[in-house]
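Accompanying notes for the structure given below.
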2 protein chains.
Amino acid sequence: MEKELETIFAQQKLRITRPRREIFRVLQQSQAPLSASMINTHCTTADRTSVYRTLELFHRLSIIKSVQFGWRQRYELADPFKIHHHHLSCTQCGRLIDLQSPEIENLVNVVASQNNFVVTDHTFEIRGLCQDCR
Amino acid sequence: MEKELETIFAQQKLRITRPRREIFRVLQQSQAPLSASMINTHCTTADRTSVYRTLELFHRLSIIKSVQFGWRQRYELADPFKIHHHHLSCTQCGRLIDLQSPEIENLVNVVASQNNFVVTDHTFEIRGLCQDCR
DNA sequence: CATCTTATTGCAACAAATTTGCAATAAGAA
DNA sequence: TTCTTATTGCAAATTTGTTGCAATAAGATG
Ligand SMILES: [Mn+2]
Ligand SMILES: [Mn+2]
Ligand SMILES: [Zn+2]
Ligand SMILES: [Zn+2]
């Protein structure tokens with residue numbers, strides 16, 4: 001995956017720097033999606049400003065995607081860097097269950113082509129109460 | 001719908017006030033989801049603080065739901081006040097296409113029960129390029 | 001309609017989150 | 001190693017969201 005990063009950056013004038021590496025690693029090592037400030041505290045070298053700038057860059061390059069986490073926004077690695085999946089999220093205890101569903105992926109394509117849309121990304125999330133909290 | 005609001009508020013000590021009415025109307029008249037600050041600027045009387053407080057209240061009462069819009073968070077009326085739907089959103093021109101899909105609704109229930117989840121809410125969004133921008 | 005209770009508001013003051021300008025730094029090409 | 005310039009860190013400015021509290025006004029009551 002480190003190699004993939006290089007490939008993406010190599011093409012046009014983008015540089016693989018220390019902050020970018022660190023932020024990527026933080027995201028990579030995390031199970032759950034992280035907020036900007038969580039990423040910031042997990043970074044020992046990268047500056048707060050760099051976190052924001054890097055997140056925006058990563059998002060533009062589709063390296064990460066933002067997911068709605070409760071009332072706020074969090075980030076996690078996107079498709080090429082993590083197996084594509086969606087979330088069931090418990091609004092009570094915060095528990096996150098990863099979900100893979102061919103049906104959804106299929107539906108995305110069907111719906112998109114029906115609307116003459118070129119898909120670059122999609123989100124699907126179920127919120128509710130988990131087994132333990134119901 | 002104004003009547004529905006009353007019904008909800010009447011039950012327990014909640015009052016229908018000017019700011020609340022205004023914010024509800026702003027949301028109601030908007031095609032696309034709005035951010036807190038957009039709502040704020042659309043309100044002539046309601047104060048910024050009231051916007052936040054009302055948004056939280058409305059959310060607690062399931063009058064609105066928050067949707068992921070591009071990079072940030074926005075709000076729109078929820079099911080009883082607007083027909084349940086999802087979005088195809090063009091990352092180029094910002095165009096939003098409403099989508100209703102029985103398949104998705106069905107899938108939500110199937111997946112949830114498979115995971116012993118009680119669904120309270122769900123989101124589905126397709127991002128990409130619209131007909132005009134592709 | 002006048003009165004009374006108290007939920008709700010606006011405002012000012014805070015606190016947190018995000019953005020911006022710019023000189024110093026360091027990728028990475030040559 | 002040298003050179004170009006993308007990127008960083010830092011400080012300052014904005015923007016966004018929160019909190020305490022006295023003033024206001026729903027709406028219940030008579
Ligand atoms: Mn996940
Ligand atoms: Mn819509
Ligand atoms: Zn739970
Ligand atoms: Zn478009």
Side-chain angles (χ1 to χ4, degrees), chain A residues 2-27 33-61 63-76, chain B residues 2-27 30 32-61 63-76:
Chain A
E2 191 73 359
K3 189 167 291 175
E4 299 194 53
L5 252 199
E6 279 182 28
T7 315
I8 295 178
F9 280 62
Q11 50 184 118
Q12 241 69 1
K13 47 185 171 178
L14 288 175
R15 297 174 181 175
I16 298 186
T17 64
R18 186 138 82 113
R20 288 173 181 173
R21 263 209 198 77
E22 181 174 36
I23 291 166
F24 183 82
R25 200 165 309 138
V26 166
L27 251 1
L34 301 173
S35 66
S37 81
M38 294 169 88
I39 293 171
N40 183 46
T41 59
H42 282 188
C43 286
T44 57
T45 65
D47 181 72
R48 188 160 42 99
T49 308
S50 295
V51 171
Y52 284 112
R53 288 195 275 228
T54 300
L55 284 177
E56 191 191 332
L57 174 70
F58 280 7
H59 186 253
R60 188 150 45 79
L61 297 175
I63 292 171
I64 61 171
K65 58 181 178 180
S66 73
V67 307
Q68 188 174 339
F69 191 86
W71 198 234
R72 287 241 171 71
Q73 208 71 227
R74 296 193 181 181
Y75 313 94
E76 69 176 359
Chain B
E2 191 73 357
K3 189 167 293 179
E4 299 193 55
L5 252 199
E6 280 182 28
T7 315
I8 296 178
F9 280 62
Q11 47 184 120
Q12 242 71 0
K13 47 185 172 181
L14 288 174
R15 296 173 181 176
I16 298 185
T17 65
R18 186 138 81 112
R20 288 174 182 174
R21 263 210 198 75
E22 182 175 35
I23 292 166
F24 183 82
R25 199 165 312 137
V26 166
L27 251 1
S30 171
L34 301 173
S35 67
S37 80
M38 293 169 90
I39 293 171
N40 183 45
T41 58
H42 281 187
C43 286
T44 57
T45 66
D47 180 74
R48 185 162 48 103
T49 309
S50 296
V51 170
Y52 285 111
R53 289 196 274 227
T54 300
L55 248 26
E56 192 191 330
L57 174 69
F58 280 7
H59 187 254
R60 187 150 45 79
L61 297 176
I63 292 172
I64 61 171
K65 59 179 177 181
S66 73
V67 307
Q68 187 176 337
F69 190 86
W71 195 232
R72 284 244 171 71
Q73 205 70 226
R74 298 192 180 182
Y75 312 93
E76 71 177 356

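Please read all numbers here as calculations on a predicted model, not as lab measurements. Reckoned from all heavy atoms, side chains included, excluding hydrogens, waters and symmetry mates.
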Whole angstrom value for the distance that separates [atom2] of [N] from [atom1] of [X]:
{"X": "B:Leu55", "N": "D:dG17", "atom1": "CG", "atom2": "C1'", "result": "11 Å"}
{"X": "A:Tyr75", "N": "C:dT18", "atom1": "OH", "atom2": "P", "result": "6 Å"}
{"X": "A:Gln73", "N": "C:dT18", "atom1": "CD", "atom2": "C1'", "result": "14 Å"}

Tell me what B:Thr45 touches on the nucleic acid: a base, only sugar-phosphate, or nothing, going by heavy atoms under 4.0 Å.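 Sugar-phosphate contact only.
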Regarding A:Arg18, tell me which of base, sugar-phosphate or nothing describes its non-hydrogen contacts under 4.0 Å with the strands shown.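 Here A:Arg18 touches no strand at all.
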Has [X] got a side-chain N or O lying under 4.0 Å from the OP1 or OP2 atom of [N]?
{"X": "B:Tyr52", "N": "D:dT18", "result": "no"}
{"X": "B:Ser50", "N": "C:dG10", "result": "yes"}
{"X": "B:Arg20", "N": "C:dT8", "result": "yes"}
{"X": "B:Thr17", "N": "C:dT9", "result": "yes"}

Tell me if the side-chain of B:Arg53 makes a donor-acceptor pair with the base of C:dG10, cut-off 3.5 Å, by modelled atom types.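 Side chain to base: pair found, below 3.5 Å.
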[Y] and [X], any side-chain heavy atoms less than 4.5 Å apart:
{"X": "A:Ile39", "Y": "A:Thr54", "answer": "no"}
{"X": "B:Thr17", "Y": "B:Phe9", "answer": "no"}
{"X": "A:Ile23", "Y": "A:Cys43", "answer": "yes"}
{"X": "B:Leu5", "Y": "B:Arg20", "answer": "no"}

I want to confirm an ordering. Mapping B:Phe9 and B:Glu56 to their closest nucleotides on DNA chain D, which one lands closer to the 5' end?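 Residue closer to the 5' terminus by nearest nucleotide: B:Glu56.
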Side chains of B:Thr44 and B:Glu22 only: does a donor on one sit below 3.5 Å from an acceptor on the other?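 Result is yes, a qualifying pair exists.
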Minimum-distance nucleotide (side-chain atoms of [X] versus [options]):
{"X": "B:Ser37", "options": "C:dC11, D:dT16, C:dA17", "answer": "D:dT16"}
{"X": "A:Ile16", "options": "D:dG27, C:dT18, C:dG28", "answer": "C:dG28"}
{"X": "B:Arg48", "options": "D:dT18, C:dT20, C:dT8", "answer": "D:dT18"}
{"X": "B:Arg15", "options": "C:dA7, C:dA12, C:dT9", "answer": "C:dA7"}

